[in-house]
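Here the structure is laid out as structure tokens; the discussion comes afterwards.
Read the numbers this way: they start at 1 and go in the same order the structure lists the ligands and their atoms.
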Amino acid sequence: MIPNQWYAVIRGQDVKRDKPVGIMRLGKKLVLYRDTEGQVACLQDRCAHKGVLLSKGKQHGDAIACPYHGFQYDQQGKCVHMPVLGKCGVIPRTMQVPSYKVHEQHGLVWLWNGEPQDSYPEVPMFTNFSEYKGFTSLYGWDAPIHYTRYVESVCEVYHVPFVHKGSFLNIWDPKGGRVDEFRCSIDGHLITSDFILRPDDDRSAQETLEAKFPWQRGWRIGVDVLMPNLVQIRNDVFDVYLVATPIDDENTWVCFCYQEPKKDLLFPFFKPLPIPLWRRLRPWMMCRMERFIQQAKDLEAIEGQWPRASSLKANNLIPVDKVNAYYLRLRDKLIRDAAENRPAPAAPTIPIQLVPQAADSPLETNSL
Ligand code: FES
Ligand SMILES: [Fe+2]
């Protein structure tokens with residue numbers, strides 16, 4: 001896990017007024033709730049008195065009350081009321097719960113994994129999504145694999161012809177998993193790649209892109225990683241991003257965000273539905289398909305993968321795994337920098353296009 005970064009920990013819509021929610025993220029038990037202004041507060045989910053889960057308690061105005069003896073804590077984790085002492089009781093200074101800096105943006109609640117700072121960087125987000133005006137759907141769930149393995153699996157799609165072959169409505173159901181015209185570059189915290197996934201036949205890459213039927217076709221796909229844990233997949237049908245936030249050393253909270261498909265290739269038979277409903281329904285359905293169809297297939301293949309956590313040493317990477325290699329190297333570097341108190345590299349500035357113009361930068365010569 002990389003220190004001094006924003007991590008998405010829960011969808012904003014899952015943190016409600018008067019209903020504290022307990023989650024495990026980044027190896028920490030957390031309780032989140034909305035104060036009377038609607039701002040999200042985040043405390044350690046453990047009462048400073050006798051260790052009871054605060055998420056089982058009730059909200060009292062801006063404070064959250066422990067269900068055991070009713071001690072109340074404000075948004076900063078300071079105990080503000082101990083019923084057993086009465087109104088005039090003196091509250092010990094040690095009656096304090098750790099609080100965490102959180103920020104709500106892009107439909108997600110982000111937690112700062114690091115020391116408090118005078119000013120904080122922007123939360124990471126792909127411009128394809130931060131500037132998008134159409135409908136999106138966000139859907140999160142827990143996956144029983146290490147987050148580095150999750151990131152790794154979505155950073156390369158040449159497993160699709162093997163793992164997802166025959167999946168329900170899989171437009172990629174392809175004849176082969178050959179990768180052509182692979183390009184990859186790195187800029188600050190952003191790794192960008194672009195390639196054609198195509199059948200291994202005698203046609204040119206261009207001919208496969210122009211094939212008449214989806215199942216004969218090659219696909220131009222972009223895969224990007226934005227540190228610390230966001231991955232975007234782009235093609236001419238849809239854009240999607242996901243965050244893979246560690247729950248603990250064994251599990252990952254995955255949250256997918258789909259845009260409306262750019263083409264009606266996937267579900268033409270739903271077209272008679274009223275337009276606004278149809279536009280909302282498609283990203284909603286894509287998210288559920290990702291969890292219950294695509295990810296189920298991924299897990300069948302990669303559950304049991306070892307070592308549990310990925311690293312450069314844990315794999316024998318090939319040139320088309322360059323996104324994996326860059327991610328693992330950049331991750332190592334950011335962890336080292338944080339340990340040595342070095343400033344993070346500049347935030348990415350290049351907008352992402354379907355076909356990036358950046359030249360290929362060979363792995364061997366790229367210095368992280
Ligand atoms: S354990 Fe929370 S108030 Fe006693
Ligand atoms: Fe997959």
Side-chain angles (χ1 to χ4, degrees), residues 20 22 29 31 33 43-60 63-74 77-86 89 91-92 94-99 139 141 143-174 177 179 193 195 197 219 221-223 225 231-235 237-238 240-242 244 252 254-256 258 286-305 310 320-321 323-324 327:
K29 279 185 190 290
V31 56
Y33 65 98
L43 307 178
Q44 187 182 82
D45 195 6
R46 181 184 181 278
C47 179
H49 182 213
K50 293 184 178 172
V52 161
L53 293 176
L54 291 173
S55 54
K56 289 186 171 180
K58 288 204 166 59
Q59 200 173 327
H60 288 260
I64 183 169
C66 175
Y68 203 3
H69 310 102
F71 294 10
Q72 292 181 15
Y73 300 90
D74 68 10
K78 187 171 164 237
C79 187
V80 290
H81 182 47
M82 291 170 59
V84 68
L85 300 181
I91 297 172
T94 54
M95 205 57 75
Q96 170 86 33
V97 170
S99 67
Y139 187 44
W141 64 87
I145 59 172
H146 193 273
Y147 78 99
T148 51
R149 291 295 192 188
Y150 210 103
V151 169
E152 187 175 279
S153 77
V154 284
C155 277
E156 51 90 347
V157 292
Y158 65 92
H159 71 271
V160 169
F162 306 96
V163 172
H164 302 291
K165 191 170 174 60
S167 293
F168 177 59
L169 286 179
N170 192 346
I171 54 167
W172 277 334
D173 204 0
V179 171
S193 78
F195 53 90
L197 181 69
W219 295 87
I221 299 170
V223 176
V225 180
V231 182
Q232 172 174 255
I233 300 173
R234 306 166 274 124
N235 58 42
V237 179
F238 60 82
V240 55
Y241 82 83
L242 70 99
T252 299
V254 181
C255 190
F256 264 80
Y258 268 92
M286 297 287 282
C287 283
R288 272 71 190 169
M289 278 178 62
E290 188 63 47
R291 177 181 183 180
F292 294 108
I293 298 172
Q294 313 294 19
Q295 188 202 257
K297 293 280 185 187
D298 285 316
L299 289 180
E300 268 177 34
I302 65 177
E303 236 180 350
Q305 188 178 20
S310 187
V320 288
D321 290 321
V323 183
N324 283 178
Y327 163 70

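Ile302 places none of its side-chain heavy atoms less than 4.5 Å from the side chain of Tyr150. Annotation: side chain of Pro20 is not in contact with side chain of Leu54 (no heavy-atom distance under 4.5 Å). Side chains of Asp298 and His159 form a contact here, defined as non-hydrogen atoms less than 4.5 Å apart.
Donor-acceptor pairing under 3.5 Å is lacking for the side chains of Gln44 and Tyr73. With hydrogens and angles left out, the side-chain atoms of Asp321 and Tyr327 include no donor and acceptor closer than 3.5 Å. With hydrogens and angles left out, the side-chain atoms of Glu290 and Tyr139 include no donor and acceptor closer than 3.5 Å.
Within 6.0 Å of the OH atom in Tyr158, the count of heavy atoms belonging to other residues, nucleotides or ligands exceeds 12.
Under a 3.5 Å cut-off, the side chain of Asn235 and the backbone N or O of Ile221 do not form any donor-acceptor pair.
Distances under 2.8 Å from atom 4 (Fe) of ligand 1 pick out the protein N/O/S atoms His49 ND1, His69 ND1. Distances under 2.8 Å from the Fe ion (ligand 2) pick out the protein N/O/S atoms His159 NE2, His164 NE2, Asp298 OD1, Asp298 OD2.
A pairwise comparison of heavy atoms in Tyr33 and Ala63 identifies OH-CA, 4.1 Å as the closest pair.
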